[in-house]
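Below: the structure, in structure tokens.
Heads up: numbering here begins at 1 and tracks the sequence.
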Amino acid sequence: MARRSLPLLKDLITRSSPNRITARSVTYMHRPGDGTPRPVTLIPGDGIGPMVTGAVEQVMEAMHAPVYFEKFDVHGNMKVIPQDVLESIRKNKVCLKGGLVTPMGGGVSSLNVQLRKELDLYASLVNCFNLPGLATRHDNVDIVVIRENTEGEYSGLEHEVVPGVVESLKVITKFCSERIAKYAFEYAYLNNRKTVTAVHKANIMKLADGLFLESCREVATKYPGIKYNEIIVDNCCMQLVSKPEQFDVMVTPNLYGNLIANTAAGIAGGTGVMPGGNVGAEHAVFEQGASAGNVGNEQVLEQKVANPVALLLSSAMMLRHLQFPAFADRLETAVEHVILDGKYRTKDLGGSSTTQEVVDAVINALD
């Protein structure tokens, strides 16, 4: 009998049998002590940040998740990240954060960039995918954007040469390019992904992006089971909005990754539903995946209609990172149930629900 007939046969047997075979989850054999509650540094942040991090706190409490939060008051207009916050993250290894406002111009450094550099969170990961029940222009979208987080155009090396002339340096190194390429291929290998696509502009920036591509090609040779592609960033943007389903894992330098992640998020349902995080060798910070609008506007804040889905899904990623897979599955399943049901959605998803109404619906959907 052909292999393709076996699933159909199994389905027919199951339906006709008076004692149906019930699905069983894969047993997670924990190590002794794995159930000990873990401390997590919490940065509510600015704008809608306290609202959506508060949503996560409520859901975690309802699930009796084995985590507890050490909360710190940090805002984007601060000059530096307080030392006690950095010490907490270094101790706990894991942080959950809301959005932090980055002042435009004026020479004020972004606290988000500071945090990544201080903790060497060299890999940003954003998962952009279709949620069942949420109508979008394209189907079958499931893209993971892995972005180098510590150099490139975000190196912060700018100066005024003469009045009216500013020089901004883009720094690309072999070391950082290799390690982000290794992370992307390792992610693909561990998550049964089939293709890694490197995004570049090496036709113009031949040395800088050329070095990035060279590093990706070298790492690709060590993963013969994973297909490797390359695409120029401007063509990539066009392909994303026309045929996004062709992409799987994408690895990018810093600036391109920011643009691509937000574009892919918009295609797959919006920044309000896309999870993400930043990870290094020692620490991980989980936050809303796509940065556009992650602080929200005053109207959203006043009406209390911020979408908590992205940060809830990011917190599920965090639970899996902490090796609490059953809690992560429960949370993701509950969120997906609420989206599929369609009764409780915030304005950005075409609904009229408040943040709290969505949170209550997710808590009610927990099995």
Side-chain angles (χ1 to χ4, degrees), residues 7 11 22-23 25 48 51-56 58-60 62-63 65 125-145 191-193 240-249 261-277 286-290 292-294 296 300 303-320 325-367:
D11 184 53
T22 56
S25 59
I48 67 169
M51 196 180 302
V52 293
T53 55
V56 172
Q58 290 182 61
V59 174
M60 291 291 178
M63 286 200 303
L125 187 151
V126 180
N127 189 192
C128 303
F129 57 96
N130 292 123
L131 278 163
L134 187 60
T136 58
R137 188 181 297 271
H138 297 278
D139 297 322
N140 302 316
V141 177
D142 188 5
I143 302 169
V144 175
V145 181
N191 290 277
N192 195 30
R193 296 280 182 157
L240 263 178
V241 298
S242 57
K243 293 190 293 182
E245 64 278 358
Q246 69 184 288
F247 295 107
D248 191 356
V249 175
N262 280 274
T263 302
I267 289 166
T271 58
V273 294
M274 299 302 148
F286 295 88
E287 59 186 338
Q288 183 170 323
N294 69 348
V300 170
Q303 296 176 356
K304 298 182 179 180
V305 292
N307 191 343
V309 168
L311 202 64
L312 287 171
L313 292 176
S314 296
S315 65
M317 288 175 59
M318 180 190 75
L319 288 169
R320 198 165 278 115
F327 287 92
D329 291 344
R330 285 180 64 203
L331 178 50
E332 287 174 345
T333 300
V335 170
E336 289 169 1
H337 174 83
V338 171
I339 294 293
L340 182 61
D341 181 60
K343 185 178 179 181
Y344 296 100
R345 293 183 183 179
T346 48
K347 187 176 180 180
D348 60 312
L349 301 183
S352 58
S353 301
T354 64
T355 306
Q356 190 59 52
E357 287 171 338
V358 175
V359 172
D360 291 341
V362 170
I363 290 173
N364 289 333
L366 292 168
D367 57 18

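The main-chain N or O of K304 is found under 3.5 Å from a side-chain atom of T355 such that the two form a donor-acceptor pair. Put simply, the side chain of N364 gets close to the backbone of D360: a donor and an acceptor are under 3.5 Å apart.
Tested against T136, the residues I267, L131, N130 include a single side chain to side chain contact (heavy atoms under 4.5 Å, CB included) partner, N130.
In this structure, the side chains of L331 and L313 stay at 4.5 Å or more apart for every pair of heavy atoms. Residues V56 and M318 form no side-chain contact, since every pair of their non-hydrogen atoms from C-beta on lies 4.5 Å or further apart. At least one side-chain heavy atom of P244 sits under 4.5 Å from a side-chain heavy atom of I143. The closest side-chain heavy-atom distance from D348 to V300 is not below 4.5 Å. Put simply, the side chain of D329 reaches to within 4.5 Å of the side chain of R320, judged on heavy atoms. Between R193 and D142 there is a side-chain heavy-atom pair separated by less than 4.5 Å. Residues I339 and L349 are in side-chain contact: their nearest non-hydrogen atoms beyond the backbone lie under 4.5 Å apart.
V305 and M51 make their closest contact through N-SD, 4.3 Å (heavy atoms, listed as atom of the first residue, atom of the second, distance). Between S353 and V358, the shortest heavy-atom contact is CB-CG2, 4.1 Å. Contact record, S314 with P275: OG-CA, 3.2 Å, taken as the closest heavy-atom pair. Listed here is the closest heavy atom pair of A361 and Y344: CB-CD1, 3.6 Å. In this structure, V362 and L312 approach most closely via the heavy-atom pair CG2-CD1, 4.2 Å. Nearest heavy atom pair, residue E245 against residue D139, reads CB-O, 3.9 Å.
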**Prompt:** Can you check side-chain contact (heavy atoms from CB on, under 4.5 Å) on V52 and Q288, steps first, answer last?
**Reply:** CA-CA 10 Å; V52 293; Q288 183 170 323; 5.7 Å; no
**Request:** Applying side-chain contact (heavy atoms from CB on, under 4.5 Å), run through L366 and T333 and close with a yes or a no.
**Result:** CA-CA 8 Å; L366 292 168; T333 300; over 6 Å; no
**Request:** Could you check V145 against M274 for side-chain contact (heavy atoms from CB on, under 4.5 Å), going step by step and ending with a plain yes or no?
**Result:** CA-CA 11 Å; V145 181; M274 299 302 148; over 6 Å; no
**Asked** Would R137 and V241 count as a side-chain contact (heavy atoms from CB on, under 4.5 Å) if you check the C-alpha gap in whole Å, the side-chain angles of each, and the deciding distance to 0.1 Å?
**Response** CA-CA 9 Å; R137 188 181 297 271; V241 298; over 6 Å; no
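Taken from NZ in K347 to CG in N307, the straight-line distance is 13.5 Å, to the nearest 0.5 Å. Note: M317 CE to N127 CG = 7.0 Å, rounded to the nearest 0.5 Å.
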